[in-house]
Amino acid sequence: MELDYDLAFYVEMFARTFSFWWVILPAIFLGLIVGAIPGFSAANTIIILLPLTLAMDPETGLTFMVALYASSRMGAGIPAILVNIPGTAGAAATPLDGYPMTKQGRGQQALAMSFVASIAGGLLTTVVALISLPWLAQIAFYLHSVEMIVIMFFGISLIATIAAKDTLKGLIAGFFGLMIGFIGTDVVYETPRGTFGFLELYDKVPLIPALVGLFAISEAFAIIENQSILTERGKAAMGKPGWAATFEGARIAASKWWHITWNSIIGLVIGVVPGAGAAIASFVAYQQSKTYSKTPELYGTGHVEGLIAPESANNGVTSGTLVPLLVIGIPGGATAAIMLVVLQFHGVTVGPDLFLTSPELAFGPFTAMAVTYAIMVFSVLPLARYMSNITVVSTIYMAPIIISFTLVGSFVPRAYLFDMNLALVFGVIGYVARKTGYHVAAILIGVILGPLMETYFLRAMKMSQGDIMVIFSSSIGNTLWVLLVISMALPYFMDYRRNKAALNDPYG
Amino acid sequence: MDFDDKIDLGMSRRDILKGSMAVAGAVAASTMPFSKAFAAGYPDHNLKSYIPTREGGGADRLHRAITGVWKNHLGAAFEPSFFPGAAGRVGYEKYMGLAKDDMYELLFGNMGPEVLNWVVKKPTFDLNTFQYFAQVDSDPGIIFVSRRSKFKTIDDLIAEGKKRTLNVGVSRLAHPATLGALALGRHTGAKFNPIPLSGGKNTRAGVATGEMDCGALPSGGIVNRKKGFKVLLMFSHKNPLPGRSENAPTMNDHFKTSMPSLIAGSRAFGVKKSAIAKHPERFAKIEKTLKEVFKDPAFKKAYAKTKSPWEFVGYRDAAQAAEYTKNIAKIGAEFKDLLTGKKT
Amino acid sequence: MAENAEAQGSEKVSIGSELIIPVAAFFFTIYYFITIWNAPWTAQVAAFIVGSILLFLVVLIVIKSVRSLSSGEGELNFNNLVNPKSFIPKRLGLLALTIGYIFIVPSLGFTITTFLFLSMAMLVLSDFRKKRLIFALAATLSLGGYLLFIVAFKTRFPAGPFETFMKGFF
């Protein structure tokens, strides 16, 4: 497939998309709201609004869905930063540094940073995707099960990164999470494992109840000991709300433009692979960011890079998932799958020919996404100032609200009462973990990535008919293995060099 | 095996006898004036459907199309509840555990994979207490490849399969389409290694990206994507979609076998047998009105929204459904060791 | 999070509570192993690898704990789990209300249960002050939630008498 579209074509496409501002604007706000509530994914919202989108012509419908999707990804970061509750699994790495900032009274700044990282990351990757569509789509042809195993290890190695403070406890939390993630039937022969006899656990531990329990419920029980989420120091630092903090946050984020670029590209590449999603991308981005940082010890304490890495990566995923959908007709994720349904409803067949037959539909989603991100600069960034006020609400009100709305949110995806009970169980685990110094994020990473890793591993093993060496059978995979080893060893090497330098420097 | 026998027996002779007796009784009862008056009070409120898959899926869309028209014939609407999980197991267990036997609560499932489920692992309820009474569509299992694949015909594929083991992407192991691939391998001597990819979407992705040599799925999701995929073989007695599948041959025609039709997608309504026994007149009304739906032109219109080929639609009664489940369970039992990992 | 554990820096490390997670992990892993003992290898391989490492880590932390006990750095108590003790009644009250919420919501529905839960939980946490504000807040939030999720988004929240009654109007 050749790209012989000239500049005029792109200009025309963008102008055309801007004329849909009246669809994009409401979709942005709707997306922010649904993204912020655990249990309400963009995919579910789009399903609910399907009658609406099906009634629109395909271009309008697609624009609406794309805008909703992009902004919900950003919305999920809001509660992650402000109240330590990621709205979706894709934002699970966001609170690692976002929430400490909030506690220090820098909530507004953190929001502004995350918005800028999300918008810039999203915008940039959308443009990159737009330009390199045909080449990007090839990624899915090279990253198969074997390569995905290594990518999973990149994500899981984040457990070790998080566990830096107390390695043994961190590893126990992470491996406990992995074991919990293995609950359910095995993907090949569907043997039920560790389900305690509950049929509801056959399809693995549902992620939203786990997320709600580990983060929200346990957090609610922990915060009641304080008057508000802010620490005393944070209260003093927060001062009067004004525009200054928003500008400051935006300025800081903008100064890290290289970091945003690099991590959003990670998101884009991972997003292109069908099945891999925002959760993996943000974990990998965080881990990479910390590995190559000059100040890895600051991660987890409210470090700027620790916040913008996962946020730019999970927005990079949004444009990534659209690539295989439009180029080879394979949706990269749930939301993309629904877009496919809508397109088919209108008789549009996606695939390589789409670029020839109806370029406005093939390029439309990307220009729509770019325009959405551009509009968000003016519509969403100013909101940071008002949103951050939530942190000064007394915990007397916050804790019950968090519990009731997230509990019922854990019910929504499957409509099983069982899932609310499950959220409570995870709440207890999360509470004990927090109180005794085990990292809940490490547990969650295990729960999310454990089953994915196992799936790719078993698939590869089944294909090789039981030959374990299959995991070293591809050259791309082997290159990734080497990179993994380097990225795991690098922090120790850097430490060593720093120490050596300090020893050699008599004035250090 | 004890369980396999049970499925065979349960679903075949004894069941059909019982079922047809119930049906006969119901038909007889409904012709009697007093019982007609009795059935006239039914239904006086909405019916409930248990659907063992996710809301918004294929079963949901088909159920919507059917009940949207059925309500006009029956005089009551259907309220679906969804119980996804464990390949349908959750839905059946919930239905058998929770539903009352007053003929107001039905199950709407996909017989093939769900019956195979029970061959692999027994449910907690007694299979003889449940019965499918109306199959509403039949989507044959197929072997397909990506358009980029070097295999252009089923013979190309078989020839290669005799040289090396081919990876066949399947939705799950206990699935009629998987059985088709295994049976094909057994008959031709080609080596097929089925790789379960959890669902049709992932299977198509696996085949499209070239990780799988070919795939085995119900035809519906493939014939709609003619530009990406090519159908090589069908596991039914007749190709219902010659135009949309480039005249793909059937296994029986091409390889001169006499396999039973391996319909991979076969949605059906089921009910507790105790409900039929208790309310034969209500059951008769359900059957009669459901048959009317298939003659109603409004249904064809509603069905068009599901995007599935109309050729799949067809009403088959309890005996035909039982025949189908018997065949599937039988072939499933033959490959049981492969499906449960006792043999690889 | 970690700060909570560190807050009791002056006291001895409370080994009892720090062992809850490892002990839970230990028993869960053993239980998991039992469920896959006769399963095909595909169901076992990943769990046996990860589970064995987990068991090894648990043994390590137990050894570490025993050493800190014998050296007098740690104490076998559950202090950092229950501290600050003044909050124990509130915490237990909130837990009881949360369990109550899960049990009542299927029959009373989202709106009524949420109102009851919010008002009672807020009353408990505020030592039964500001009653008016709390009732007003709980009513606004539960009704707002009803309008947003059930009316506008048609979300399948648990329905009760209120939702059924209001169905006639929307």
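Protein chains get the first letters and strands the later ones, always in sequence-line order, with residue 1 at the start of each.
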Side-chain donor or acceptor of C:Y101 paired with backbone N/O of A:L407 under 3.5 Å: no

Among the listed options C:A24, C:S14, C:P158, the residue most often paired with chain A at heavy-atom distances under 4.5 Å: C:P158

Chain C neighbours within residues 420-428 of chain A, where any heavy atom lies under 4.5 Å away: A:M420, A:N421, A:L424

Any donor-acceptor pair under 3.5 Å from A:Y397 side chain to C:A138 backbone: no

Proximal component of C:V124, with respect to chain A [non-hydrogen, under 4.5 Å]: neither

Selection from C:I102, C:I53, C:V105 maximising heavy-atom pairs under 4.5 Å formed with chain A: C:I102

Chain A contacts, top residue of C:K130, C:M120, C:Q44, C:M122 (heavy-atom pairs, under 4.5 Å): C:M122

Residue C:I134 versus chain A: region with a heavy atom under 4.5 Å: side chain

Side chain, backbone, both or neither of C:L95 within contact of chain A (heavy atoms, under 4.5 Å): both

Option in C:S126, C:S142, C:A121, C:S86 with maximal non-hydrogen atom pairs under 4.5 Å from chain A: C:S126

Straight-line distance of A:I403 CD1 to C:L118 CG, nearest 0.5 Å: 9.5 Å

Atom of C:Y31, atom of A:T195 and distance for their closest heavy-atom approach: OH-N, 3.8 Å

Salt-bridge criterion met for A:E225 and C:K90 (N-O under 4.0 Å): no

side-chain contact (heavy atoms from CB on, under 4.5 Å) between A:F196 and C:F28, intermediate numbers included: CA-CA 10 Å; A:F196 298 97; C:F28 175 69; 3.7 Å; yes

Engaged part of C:T42 at the chain A interface, taking heavy atoms whose separation is under 4.5 Å: both

Option in A:A220, A:G194, A:G446 with maximal non-hydrogen atom pairs under 4.5 Å from chain C: A:G194

By salt bridge (Lys or Arg N to Asp or Glu O under 4.0 Å) - contacts of A:D97 (at least two apart): none

Salt bridge (charged side-chain N to carboxylate O under 4.0 Å, His left out): pairs with one or both residues in residues 454-468 of chain A, sequence neighbours excluded: A:R193-A:E454

Interface moiety of A:F176 toward chain C, non-hydrogen atoms closer than 4.5 Å: both

Gap between atom OG of A:S404 and atom CZ of C:F110 - 0.5 Å precision: 6.5 Å

Structural part of A:F411 lying under 4.5 Å from a heavy atom of chain C: side chain

Listed partners of C:R67 passing salt bridge (Lys or Arg N to Asp or Glu O under 4.0 Å), at least two apart: none

Value rounded to 0.5 Å, distance of CG in C:L55 from CZ in A:F175: 11.5 Å

Which portion of A:A399 sits near chain C, non-hydrogen atoms under 4.5 angstrom: side chain

Chain A contact via C:I20 - side chain, backbone, both or neither, heavy atoms under 4.5 Å: side chain

Spacing of C:I61 atom CD1 and A:I172 atom CD1 [to the nearest 0.5 Å]: 4.0 Å

Proximity breakdown for C:I36 and chain A, heavy-atom pairs closer than 4.5 Å: side chain

Check: C:V45 and A:L458 side chains under 4.5 Å, non-hydrogen atoms: yes

C:L137 versus chain A, the contacting section by heavy-atom distance below 4.5 Å: side chain

